[in-house]
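Heads up, the thing below is written out as structure tokens.
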Amino acid sequence: MKTLLTEEQLQEGIRRMADDIRKHYEGRQLTIVGVLIGSVVLLADLIRLLDIPLRVEMVQARSYRHGSTRPGPLVINTDMLTSGVRGRDVLLIDDIFDTGHTLWELIPQIDELGPASVRSAVLLRKAGRCEAPVEPDFVAFEIPDRFVVGYGLDYNEMHRNLPYVAALEPEEL
Ligand code: 5GP
Ligand code: MG
């Protein structure tokens, strides 16, 4: 395992992203929608840096994985949105933007619920991987095309609790 982003680097990048988000939503109420499970660590840190009125909701996006690093078909569950997003300014939060399929499928499902706007923020964006005509609006870090864990990101549901982001070596996968 090789550390890509230390705790200090993560906090600095998230603070920068929080500043951009705060400026963008100044004077409005925000509805943060976290994508379970990977976004929970980012979500917890990010919302405490956003001193603006906001709600927090969650959706689930799971790809039934073939092996643990190659995603399979994506299943999205928006049933857990409690107070709804109708008329609200929604900011989707995910751990990592890789091929873009998750956001590409999630955004239209949120759109159907009648929000005022939908934007997205991710901790990490993998270079040169995007396959869908969508881009995240806020990105804390660009990383090389490596399988990463930590700070919410898992390998076989493990390593989410690491306070840093690390790349697994090919022999660890
Ligand atoms: P996308 O749909 O953009 O290809 O991928 C987004 C999802 O794939 C993320 O929410 C995450 O669950 C998973 N993913 C993509 N790359 C990685 C990675 O390097 N490490 C981990 N742990 N998950 C990843
Ligand atoms: Mg995910």
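First listed ligand is number 1; within each ligand, the first listed atom is number 1. On a predicted model such as this, the values are computed, not experimentally measured, just so you know. Only heavy atoms go into these numbers, but all of them, side chains included; no hydrogens, no water, no symmetry mates.
Proximity of D94 to ligand 1 is established by a heavy-atom distance of less than 4.0 Å. Residue contacts with ligand 1 leave out Y155, since none of its heavy atoms falls under 4.0 Å from the ligand. Taking a 4.0 Å cut-off on heavy atoms, K126 registers as neighbouring ligand 1. In this structure, R129 falls outside the shell of residues with a heavy atom less than 4.0 angstrom from ligand 1. For G100, the closest heavy-atom approach to ligand 1 falls below 4.0 Å.
Counting heavy atoms closer than 4.0 Å to ligand 1, residue V35 contributes nothing at all.
Between R88 and Q29, the side chains place no donor N or O within less than 3.5 Å of an acceptor N or O (distance only, hydrogens not considered).
Closest of all the heavy-atom pairs between L123 and L42 is N-CD2, 3.7 Å.
E57 places no side-chain N or O within 3.5 Å of a backbone atom of T31 that could act as its donor or acceptor partner.
Nearest to atom 20 (N) of ligand 1 by heavy atom, out of V165, L153, T99, V148, is V148.
Put simply, L168 and V165 are part of two different groups of oily side chains (I, L, V, M, F, W, Y) that touch within less than 4.5 Å, one to the next.
Atoms of ligand 1 found under 4.0 Å from any heavy atom of D98 (numbered from 1 in listed order, with element): 1 (P), 3 (O), 4 (O), 5 (O), 15 (C), 16 (N).
Ring-plane geometry between H24 and F138 is classed as perpendicular, the angle between the planes exceeding 60 degrees on a 0 to 90 degree scale with a lower cut at 30.
Within 6.0 Å of the CZ atom in R86, the count of heavy atoms belonging to other residues, nucleotides or ligands does not exceed 12.
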